[in-house]
2 protein chains.
Amino acid sequence: MDVAHAAGVSKSLVSAALRGDPGVSAESRRRVGEVAAALGYRTNGWAQRLVSGRSALVGVLLTDLRNAYHTDIVNGIEDAAEEAAYDVILSHGRRDPDLLRRRLADLVELGVDAVIAVTAHLDEPDLRQAAARVPLVVVGRPARVPDGAGWVSNDDETGARLAVQHLADAGHTRIAFLAASDRPAARARRDAYRAAAPGRPREFDARTGGIADLLTATGLPDGPTAVFAANDRLAAEVLARAADHGVRVPEDLAVVGYDNTDLAGLVRPALTSVDQPRAAMGRAAMAQALTLLGGAATAHEVAVPTLVIRASSVPATP
Amino acid sequence: MDVAHAAGVSKSLVSAALRGDPGVSAESRRRVGEVAAALGYRTNGWAQRLVSGRSALVGVLLTDLRNAYHTDIVNGIEDAAEEAAYDVILSHGRRDPDLLRRRLADLVELGVDAVIAVTAHLDEPDLRQAAARVPLVVVGRPARVPDGAGWVSNDDETGARLAVQHLADAGHTRIAFLAASDRPAARARRDAYRAAAPGRPREFDARTGGIADLLTATGLPDGPTAVFAANDRLAAEVLARAADHGVRVPEDLAVVGYDNTDLAGLVRPALTSVDQPRAAMGRAAMAQALTLLGGAATAHEVAVPTLVIRASSVPATP
DNA sequence: CTGAAAGCGCTTACAG
DNA sequence: CTGAAAGCGCTTACAG
């Protein structure tokens, strides 16, 4: 450290001053700070972390940057991390399970203090392996979360029930369900739909032309008059395709989505949607990471969703 | 390293085997790998990076996770990074200039090999300071990019001209411009609009009620018949509010956006938009970071936008 | 392939 | 506050 030399003090003093050690006089702190700035000195992060054994870094792995749902959670994590004096490093799995595994291993190897995995696409063995090395909190609904990992999830059953109940209360008796996934969250929403919907289930899969089928069926005598879509993105596609096909929303088809992302307020008719408290879930995940770091046991926290009603499910009052 | 002990070999061999050093026999590599896996051994990233002087990490700073434009660029960066055997670490500035500065400094201090800043919100002094310590490439259009930093940007003037020309070619003579920013990119688009639009300029600012003003003016005898919005998000808001106000798009008002994000295809009418080659821009940024790392001089690469025509600017043929 | 040595840039006690 | 020492967990030559 030639900062020490230039300032005419010891290396120890420089180290202490730069770290903000309380036992350093204000005068020394100022001098050292000045000289360091003048010399453009920056402490070497690798060395500092190697010796201190603490990185003050939490790694966040997320499935899909493009998904507003995920990024809202990240915002919550970041807020809580900032308050706890942790920096957040993001890593991006791009919906690719293989890439997600590698990124998870990379974060562990990098040596972050804790990992928060905002993803439903990691298998239990991978999660378990990571959790054995570093405090790990999962946000979302993967196939299975190992005991060694913390977990924050949304109550999909309640959310789906809210959506279906809302439609049933409005008088709909032929309510369809639309999904594009077989993952646990979509499954849970579908199961709750089956339990709550009046009449027989009418299920469509967007991966196999389900949106077109749904809109065609809507015209039929016994066709659905409402649809609960497993997420907002799907619901927005229904709105778009409905407009293309001359199907009126909500008159011919009421639509409810899930997630209450930005999109819900931006499309027309604006989308009724189940809201997950995303920022709160992110905060809860960071809070749990902190308690794990402190040696606490893992927990499963379940966030309770609410329904936000907009025009896509409510006929305009004449 | 008790891996060495357990495998009955030297630390040097373990180190070489784990790094994939070519001078290690296949048999040794296998043995060491096995023992390391059995012991759950992971190399310490901090130590490895401290001694090797190379992190194999590139830090990406981005303004806004929620903006699909930014995340598409990140995908391009990641693709190119993967090919070059670099890992990407993301840091998030949340549209907050102050936070962006701190995050930039954090990345530098962390010790990544290069930084790519996907943002227009950093000031020249901050960029210069970072560039003095680490190869830095800026993607976007900040107030000023210092000579020491690489730069990849989009040709906003050309893009705006394409948008306005398209509307003028369709016969529009009263074309409005809508923005919500005074930043260089928005300014450049506005200036190109002024130069290319027939008739007098009609400029609206969404931050001060411009969308409502625009829609009101649209009904007037001399009101605008078309609008070029400085980005897709704004354009989507115009579509939504137009629907609310009974203004028909494109019959009463033709709309063109900028960025050609996912949103453009999802709204109705689908949005005509200027497309920036985002993935290519991301790749170019990573490629330039690599050349800077190799000691090359900085460059300014300008990507050329194209126009994607959809229903929001083209009356349906009867 | 081994084994002992030096060093990466810092922090952490500790005697003075 | 100083200064010398030890050590964090690795990699890098290098003689054998």
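Just so it is clear, the values below take in all heavy atoms, side chains as well, and ignore hydrogens, waters and symmetry mates. Since this is a predicted model, take the numbers as computed values, not measurements. Letters A, B, ... mirror the listed sequences (proteins, then strands); counts begin at 1.
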Atom-to-atom span, [atom1] of [X] to [atom2] of [N] - whole angstrom:
| X | N | atom1 | atom2 | value |
| --- | --- | --- | --- | --- |
| B:R30 | C:dC1 | CZ | P | 12 Å |
| A:N44 | D:dC10 | CG | C1' | 14 Å |
| A:R54 | C:dT12 | CZ | P | 11 Å |
| A:W46 | D:dC10 | CH2 | C1' | 14 Å |
| A:R49 | C:dG9 | CZ | C1' | 14 Å |

(message) Please determine whether a side-chain nitrogen or oxygen atom of B:S15 lies at a distance below 4.0 Å from atom OP1 or OP2 of D:dT11.
(response) yes

(message) Looking at C:dG9, I'd like to know if its phosphate oxygens (OP1 or OP2) sit under 4.0 Å from a side-chain N or O belonging to A:Y41.
(response)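 So the side-chain polar atoms of A:Y41 never come under 4.0 Å of the phosphate oxygens OP1 or OP2 of C:dG9.
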
(message) Closest approach to the side chain of A:L50, judged atom by atom: which nucleotide of C:dG7, C:dT12, D:dC8 is it?
(response)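 Looking only at side-chain atoms, A:L50 lies closest to D:dC8.
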
(message) Applying the Watson-Crick and G-U wobble criteria at under 3.5 Å, what pairs with C:dC1? Answer none if nothing qualifies.
(response)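 Per the H-bond distance test, D:dG16.
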
(request) Look at B:E78 together with A:R103 and state whether they make a salt bridge at an N to O cut-off of under 4.0 Å. (result) yes

(request) May I ask you to decide whether B:R102 forms a salt bridge with A:E82, counting only side-chain N to carboxylate O separations under 4.0 Å? (result) yes

(message) Let me spell it out: for each of B:V9 and B:S52, pick the nucleotide of DNA chain C with the closest heavy atom. Which residue's pick is nearer the 5' end?
(response) B:V9

(message) Do A:V118 and A:T63 have side chains that approach each other closer than 4.5 Å (heavy atoms only, starting at C-beta)?
(response) no

(message) To check you understand the geometry: which heavy-atom pair defines the closest contact between A:D113 and A:A56, and what is its length?
(response) OD2-N, 2.8 Å

